[in-house]
Enquirer: 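Quick one: this structure, given as structure tokens, is what I'll be asking you about.
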2 protein chains.
Amino acid sequence: MRPKTRPLRSTRPSFIEAARRQQIVETAIATIAARGLEGASLADIAQDAGISKGVISYHFAGRAALIQAILDEILAQSHTYIMDRVARRRRAADKLAEYIRASFDFIGTHRPNFVTWLNLWGSLRSPEQRTRYNARLYEPCRMAIATILSAGQRNKEFKPFPARELSVVIQGAIDGIMLQWILDPAGIDLRAASRRLRALFDWQTRAA
Amino acid sequence: MRPKTRPLRSTRPSFIEAARRQQIVETAIATIAARGLEGASLADIAQDAGISKGVISYHFAGRAALIQAILDEILAQSHTYIMDRVARRRRAADKLAEYIRASFDFIGTHRPNFVTWLNLWGSLRSPEQRTRYNARLYEPCRMAIATILSAGQRNKEFKPFPARELSVVIQGAIDGIMLQWILDPAGIDLRAASRRLRALFDWQTRAA
DNA sequence: TCAAAATGTGACCATGCGGCCAAAAACCAG
DNA sequence: CTGGTTTTTGGCCGCATGGTCACATTTTGA
């Protein structure tokens, strides 16, 4: 019998454990995207996954832990995909353009993830009012952009500008457009937005 | 005794009714901002407002109706404030800059509103899966910007560009930066972002 | 001034939720 | 095969929630 408080991961998670966790997280993303956060009880998620409710309790410490796992999963998937594509480019200007293009590509092909992502923003500071955790979520994205920008400035590809400040604006523009698209898919042309953003920030960064 | 189903607003709402509704909505905004959506029960809100729980049920058809009222209130406040300031400017370029500046000013001075706003995004389609309502929420903002842009193009202040497309980008940038600031206030410099956005879109729109 | 309407109260209720557990089932090493 | 371990099941429980109601209080208007 697994003790109630997990023994600090004494052994590696079994194959079944990893698979089940993954399955539950993915089902939960779909369920939340479809019915909203409040409409997605553990029972609902279990039913969608075709398992008993107890299984979720067995693999996750509680609802909060499941939500945390969902957040991590969504963020990791997106980050991995984007950075993979960025890494294939050499020049800073290409990296920046690819960052934007990959972001929109991923958003466009993973709508449920971002619908759920949106539903979960409100739950971010639930556990202990830890507003601070949220910073941890966003900082890597801004950091990635800022790194590209700084590198471009170092090798004179880019002109001088405050990299950190601009990275906030770039990430903001991407997320803000995503938000509009989540709330009103028919009203937003993701492809056009992606194109314009690339042109806009290319113009804004490239040396004369 | 008021009938359960409201008689289609046969008479104008009384003074007390209007005041109470306003009080409840404002208290609810604060409560949700402080404790999160799931942590803000009707009982909590009532307590914060110093009234009995039944009063909320008396003035609102249910929790969903209250949330809807909150959304309308937040949106109306913001929209009114911004458009008031925009209206004071004559030239299109000034209107655009003022739109951006006013947006950030309002965001910066009404944090609780936007924390709650963020918490409520997930509840937008709760009632009937009406994803469509969301469009109604965002469209006015984009419309306002597009109107400014079009006017500027007509009188040659602005160069030619797809106004609708750019308005999506402008509103997106504002909201995306707001989002980062909500999640991580210490990590974002609103003033700098406002300045950069104004410069960026001035550059992007103004005729040569 | 006073009855009727509007508003507020606090207790009450049904419901659904997250969490728990004892027993069954599946899995696996020896 | 077998005994121990992991995983799953399905039902149960306590609790908090949104909503309702009979009654108290205040406001209104003639």
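Throughout, protein chains are lettered first and strands after them, A, B, ... in sequence-line order, and every chain is numbered starting at 1.
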Enquirer: Does one side chain, of B/S41 or B/D44, offer a donor that lies under 3.5 Å from an acceptor on the other?
Expert: yes

Enquirer: Side-chain N or O of B/R20 less than 4.0 angstrom from OP1 or OP2 on C/dG8?
Expert: yes

Enquirer: Name the closest nucleotide to the A/S41 side chain, picking from C/dC17, C/dC20, D/dT9.
Expert: C/dC17

Enquirer: Does D/dT8 have OP1 or OP2 sitting under 4.0 Å from an N or O in the side chain of A/Y58?
Expert: no

Enquirer: With respect to the side chain of B/R63, which nucleotide from C/dG19, D/dG19, C/dG8 is positioned closest?
Expert: D/dG19

Enquirer: How long is the line joining CG of A/L66 and P of C/dC17, in whole Å?
Expert: 15 Å

Enquirer: Can you check whether any acceptor in the base of D/dG10 is under 3.5 Å from a donor in the side chain of A/S52, or vice versa?
Expert: yes

Enquirer: Find which nucleotide of DNA chain C each of B/V55 and A/A40 is nearest to by heavy atoms, and output the residue with the more 5' nucleotide.
Expert: B/V55

Enquirer: Salt-bridge test for B/E98 and B/K95: reply yes if a basic N is under 4.0 Å from a carboxylate O, no otherwise.
Expert: no

Enquirer: Looking at B/H59, does any N or O in its side chain come under 4.0 Å of the phosphate oxygens OP1/OP2 on C/dA6?
Expert: no

Enquirer: Check this for me, if you would: do A/R196 and B/E165 make a salt bridge, where the nitrogen-to-carboxylate-oxygen distance has to be below 4.0 angstrom?
Expert: yes

Enquirer: To the nearest Å, how far apart are B/I67 CD1 and D/dG18 P?
Expert: 9 Å

Enquirer: Return yes if a side-chain donor-acceptor contact under 3.5 Å exists between B/D175 and B/Q171, otherwise no.
Expert: yes

Enquirer: Would you state whether a donor and an acceptor, one from the side chain of B/K53 and one from the base of C/dG10, lie under 3.5 Å apart?
Expert: no

Enquirer: If I take atom CG in residue A/L42 and atom C1' in nucleotide C/dG16, what distance separates them, rounded to the nearest angstrom?
Expert: 12 Å

